[in-house]
Chemist: 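Structure provided below as structure tokens; questions to follow.
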Amino acid sequence: MTNPATTTQQGGAIPAQPGPREVTAVTDGMIPGLGSSVEFGPGQASGGVIPGAGPSGKPGSRPTVKLREAGPDDPPRYAPEWLELREPADAAARAHDLLDPLRIRLANLPGRSGVVIHDLGCGTGSMGRWLAPRLDGAQHWVLHDRDPYLLHFAAVASPRSAADGSRVSVETRRGDIARLTPDALQGASLVTASALLDVLTREEIGTFAAACAGAGCPALLTLSVAGRVELTPSHPLDAELTQAFNDHQRRDGLLGPDAVTAAAEAFSEHGATVRLHPSPWRLGPEQAALTEQWLRGWVGAAVEERPELRAEADVYLTKRLAELAAGDLRVTVHHVDLLALSRPVDGAS
């Protein structure tokens with residue numbers, strides 16, 4: 001397995017707000033050139049919602065990863081603060097039951113001393129921090145994201161070692177992950193992504209599945225929204241807000257809660273064996289900060305979709321935040337994890 005010059009061996013906690021010079025010091029050749037003119041936005045947007053946790057204040061923009069060409073003024077889709085806040089809940093939710101069949105596939109790769117894992121839309125690298133220590137053997141992670149700032153966080157906080165103590169190395173690539181081709185995945189042992197499928201169109205999911213099938217590599221795609229939430233105690237407006245939020249997720253041709261089904265169909269059409277497993281967030285008093293940000297964003301997106309709900313939703317949000325502060329609110333946000341085992345192209349079993 002190659003060890004490219006772009007590899008970094010640093011690891012550890014996500015650092016506090018680095019400056020541009022720190023970014024160029026530790027990440028790959030796509031990051032230098034940011035320069036001192038780069039501006040990193042504040043951690044909080046108006047209304048107390050972390051960017052990425054709720055609807056953007058810009059008309060026509062979305063509170064999700066943007067996979068298409070963006071203008072120079074387009075902000076990062078997810079703030080590091082939001083990704084850091086949700087990371088423990090993500091780690092607790094991901095489906096461990098999908099790891100054994102994945103380990104079996106990776107163990108049967110022929111003639112390799114390690115695996116190459118492409119992490120698409122990596123954000124701050126939480127998928128690598130969760131998965132790398134759960135897999136044996138040397139690993140080289142290729143981290144993809146459009147946002148050079150997030151790529152910095154992912155590189156410096158990457159894990160150093162695998163489950164058996166083997167070396168883990170990292171490189172970063174900045175680019176549009178919606179345009180994947182089999183050539184881009186040449187030599188890949190695995191493709192991973194987290195909270196990605198629901199911000200793709202049906203065409204993009206088809207392209208993604210075709211690229212994985214063409215490269216003969218499996219895909220582990222976690223934490224796709226399922227379109228269902230459960231709040232305890234219940235409230236008469238829960239169902240209406242859920243529907244409005246789901247409609248918001250489907251704007252501009254994105255699949256939102258329909259994405260997992262579409263992805264399972266697309267991978268199956270390319271001959272992959274597909275396994276699905278629930279991966280819900282279960283939020284209680286211990287996750288109050290995350291619950292507050294999620295709740296504000298969830299209600300805000302619903303109101304953005306259906307402005308006529310604003311008056312009722314304001315009262316609803318005030319009540320829910322009071323329940324949260326009192327320790328009385330429980331929330332289950334349903335997600336689904338998908339493992340697609342594409343047919344190998346190199347004789348692996």
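None of the values given here were measured: they were computed from a predicted structure.
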Chemist: Minimum heavy-atom separation for Gln139 to Ala132, with atom names?
Modeler: NE2-O, 3.0 Å

Chemist: Starting at CD of Glu87, measure out to CG of Leu85 and round the result to the nearest 0.5 Å.
Modeler: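 So the gap between those two atoms works out to 10.5 Å.
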
Chemist: Search all heavy atoms of Pro285 against all heavy atoms of Gly327 and return the closest pair with its distance.
Modeler: CG-O, 3.8 Å

Chemist: Please check if the side chain of Asp252 supplies one atom and the backbone of Leu254 the other of a donor-acceptor pair under 3.5 Å.
Modeler: no

Chemist: Could you state the interatomic distance from CG (Asp337) to CG (Leu98), rounded to the nearest 0.5 Å?
Modeler: 6.0 Å

Chemist: Treat each ILVMFWY residue as a node, draw an edge where side-chain heavy atoms are under 4.5 Å apart, and state whether Leu83 and Leu223 are in one component.
Modeler: no

Chemist: May I ask you to test the Glu230-His334 pair for a side-chain heavy-atom distance under 4.5 Å?
Modeler: yes

Chemist: If I take atom CG from residue Leu197 and atom CG from residue Leu255, how far apart are they, to the nearest 0.5 angstrom?
Modeler: 9.0 Å

Chemist: Rounded at 0.5 Å granularity, tell me how far CG in Leu220 sits from CG in Leu99.
Modeler: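 Going from the CG atom of Leu220 to the CG atom of Leu99 covers 7.0 Å.
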
Chemist: To check you understand the geometry: which heavy-atom pair defines the closest contact between Ala244 and Leu309, and what is its length?
Modeler: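 It is CB-CD1, 4.2 Å.
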
Chemist: Side chain to side chain contact (heavy atoms under 4.5 Å, CB included), that's the test. Do Glu265 and Arg202 meet it? Break it down for me.
Modeler: CA-CA 11 Å; Glu265 292 172 350; Arg202 189 172 297 276; 4.2 Å; yes

Chemist: I'd like to check Phe208 versus Val191 (side-chain heavy atoms, cut-off strictly below 4.5 Å). Are they in contact?
Modeler: yes

Chemist: Taking the side chain as everything from C-beta on, heavy atoms only, tell me whether Arg86 gets closer than 4.5 Å to Ser126.
Modeler: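 When only atoms from C-beta onward are counted, Ser126 and Arg86 do not touch, as no gap falls below 4.5 Å.
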
Chemist: Applying side chain to side chain contact (heavy atoms under 4.5 Å, CB included) to Asp145 and Phe153, what does each step give before you reach the verdict?
Modeler: CA-CA 11 Å; Asp145 206 284; Phe153 282 97; over 6 Å; no

Chemist: Taking all non-hydrogen atoms of both residues, which atom of Ile205 and which atom of Ala263 are closest, and how far apart?
Modeler: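 Scanning both residues completely, I find the closest heavy atoms to be CG2-CA, 3.6 Å.
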
Chemist: Mind listing the closest non-hydrogen atom pair of Gly206 and Ala266 along with its distance?
Modeler: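 The pair with the smallest heavy-atom distance is CA-CB, 4.4 Å.
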
Chemist: May I ask you to test the Val168-Ser158 pair for a side-chain heavy-atom distance under 4.5 Å?
Modeler: no

Chemist: Does a sphere of radius 6.0 Å around CZ in Arg330 hold more than 12 heavy atoms from other residues, nucleotides or ligands, not counting ones at 6.0 Å or beyond?
Modeler: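 More than 12 within 6.0 Å, yes.
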
Chemist: Considering only heavy atoms from C-beta outward, does the side chain of Leu151 approach that of Leu143 to under 4.5 Å?
Modeler: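 Leu151 vs Leu143: side chains touch.
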
Chemist: Could you tell me whether Arg134 atom CZ has more than 12 heavy atoms of other residues or ligands within 6.0 Å of it?
Modeler: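 Yes.
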
Chemist: Please determine which of Ile117, Leu221, Leu120, Thr222 meets the side-chain contact (heavy atoms from CB on, under 4.5 Å) test together with Thr192.
Modeler: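 Going through Ile117, Leu221, Leu120, Thr222 one by one, the side-chain contact (heavy atoms from CB on, under 4.5 Å) with Thr192 is satisfied by Ile117 alone.
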
Chemist: Is it true that a side-chain atom of Asn246 and a backbone atom of Gly227 form a donor plus acceptor pair closer than 3.5 Å?
Modeler: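 It does hold such a pair.
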
Chemist: Between Pro257 and Asp198, is there a side-chain heavy-atom distance shorter than 4.5 Å?
Modeler: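 A side-chain contact is absent here, since even the closest heavy-atom pair is not under 4.5 Å.
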
Chemist: Just how far is it from atom CG of Leu200 to atom OG1 of Thr207, taken to the nearest 0.5 Å?
Modeler: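 With rounding to 0.5 Å, CG (Leu200) is 9.5 Å from OG1 (Thr207).
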
Chemist: Between Gln287 and Arg282, what is the shortest heavy-atom contact and its length?
Modeler: OE1-O, 3.7 Å

Chemist: Could you tell me if the side chain of Arg320 sits less than 4.5 Å from the side chain of Asp238, heavy atoms only?
Modeler: yes

Chemist: When clusters are formed by joining ILVMFWY residues with side-chain heavy atoms under 4.5 Å apart, either directly or through shared neighbours, do Val274 and Val225 land in the same one?
Modeler: no

Chemist: For the pair Leu290 and Trp82, evaluate side chain to side chain contact (heavy atoms under 4.5 Å, CB included) and give the outcome as yes or no after the intermediate values.
Modeler: CA-CA 8 Å; Leu290 174 61; Trp82 167 243; 3.6 Å; yes

Chemist: Go through the steps to decide whether Glu323 and His235 satisfy the test side chain to side chain contact (heavy atoms under 4.5 Å, CB included), and finish with yes or no.
Modeler: CA-CA 12 Å; Glu323 292 170 343; His235 187 283; over 6 Å; no

Chemist: Do Trp130 and His96 have their ring centres less than 6.0 Å from each other?
Modeler: yes

Chemist: Around atom CZ of Arg103, are there more than 12 heavy atoms from other residues, nucleotides or ligands closer than 6.0 Å?
Modeler: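 Yes.
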
Chemist: Are there over 12 heavy-atom neighbours, none belonging to Glu203, within less than 6.0 Å of that residue's CD?
Modeler: no

Chemist: How many angstroms lie between atom SG of Cys212 and atom CG of Leu341, to the nearest 0.5 angstrom?
Modeler: 11.0 Å

Chemist: Below 4.5 Å, heavy atoms only, C-beta onward: do Cys217 and Leu190 meet side chain to side chain?
Modeler: no

Chemist: Considering the options Arg173, His118, Arg174, which one meets the side chain to side chain donor-acceptor pair (under 3.5 Å) requirement together with His144?
Modeler: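 It is His118; the other options fail the test.
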
Chemist: I'd like to know if the side chain of Arg129 and the backbone of Thr124 have a donor-acceptor N/O pair within less than 3.5 Å.
Modeler: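 Between the backbone of Thr124 and the side chain of Arg129 there is a qualifying donor-acceptor contact (under 3.5 Å).
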
